> 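One structure, as structure tokens, below. Some questions next.
Atoms within each ligand, like the ligands themselves, are counted from 1 in listed order. The structure displayed is predicted, hence computed values, not measured ones. Position 1 is the first residue of the sequence, and the numbers go up from there.
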Amino acid sequence: MNLVFLGPPGVGKGSLAVRIAKDYGLLHISTGEMLRAEISAGTHTGKLAEKYINDGNLMPDSLIIEMLLSKLQHSTAKQGYILDGFPRTLNQAQELDKFVQIDAAINLDAPEAVLLKRISHRRICPVCGKGYISYMMSSNLCEQCGVEVIMRDDDKEEVVKARLVEYHTKTEPIIDYYRSTGKLISVDGDDTMEGVAAKVEEILEDLKLANN
Ligand code: ADP
């Protein structure tokens, strides 16, 4: 089963992808995480990515497509994978379809006020990248690494506004693309993580039955 998770920044697709990937034995591939790893490693791609990400802009298609396809070629995802944060433009979606078979695109959405509130509480571990919600933490340390969690630079309010503009202009058109290919499944992301996960799991069970 190869899935795409779509949705605006802050809708919760990353946390959901981690959870669903674990429950279904799928490989979780997040292009955002891959880019943050490149930034931490100080690579050429990382230096370029830092500028785009911190301005709230999408990376150029050519670069991100090459990075993702190379990851897929080298992956040993037997049960399939979840693409989290890719595709983000129509061109990326069309390129992806030339190389792999996507079974479903799960589109999560929530009102902008909800997204902004969630992002303001979002923290990550600068070492392992694990995500946290600030008010649900008993201390401000990563439970895996013991280091202080931080707010992503691109989660600062001004940058989030630019990211939302990028989302509406470049990413939203993909929803129609997946609708036209019959792969779109829309899920209301304005719910608890448990609630959203339960809905997505129900959908995946139906998909599994339909594919057998
Ligand atoms: P979120 O899911 O919170 O919006 P991500 O961690 O997925 O954020 O991505 C962070 C940033 O990385 C994006 O705002 C963008 O600059 C860059 N990025 C990630 N994936 C892509 C992509 N497929 N195409 C272009 N840029 C990307």
> Apply side-chain hydrogen bond (donor to acceptor under 3.5 Å, both in side chains) to Asp61 and Asn91, showing your working.
CA-CA 7 Å; Asp61 273 351; Asn91 182 28; 2.9 Å; yes
> Is NZ or CZ of Lys130 both nearer than 6.0 Å to the six-membered ring centre of Tyr132 and within 45° of the ring axis?
yes
> Determine whether the side chains of Tyr177 and Asp97 contain a donor N or O and an acceptor N or O closer than 3.5 Å.
yes
> Is there a path from Tyr178 to Met1 through hydrophobic residues (I, L, V, M, F, W, Y) whose side chains come within less than 4.5 Å of each other?
no
> Would you mind telling me which of Arg163, Arg118, Arg123 makes a side chain to side chain donor-acceptor pair (under 3.5 Å) with Asp155?
Arg163
> When you look for protein heavy atoms under 4.0 Å from ligand 1, which residues do they belong to?
Pro9, Lys13, Thr31, Gly32, Leu35, Arg36, Ile53, Asn57, Leu58, Met59, Ile64, Gly85, Phe86, Arg88, Gln92, Arg122, Arg152, Asp154, Arg163
> Would you find more than 12 non-hydrogen atoms of other residues, nucleotides or ligands less than 6.0 Å from Glu201 atom CD?
yes
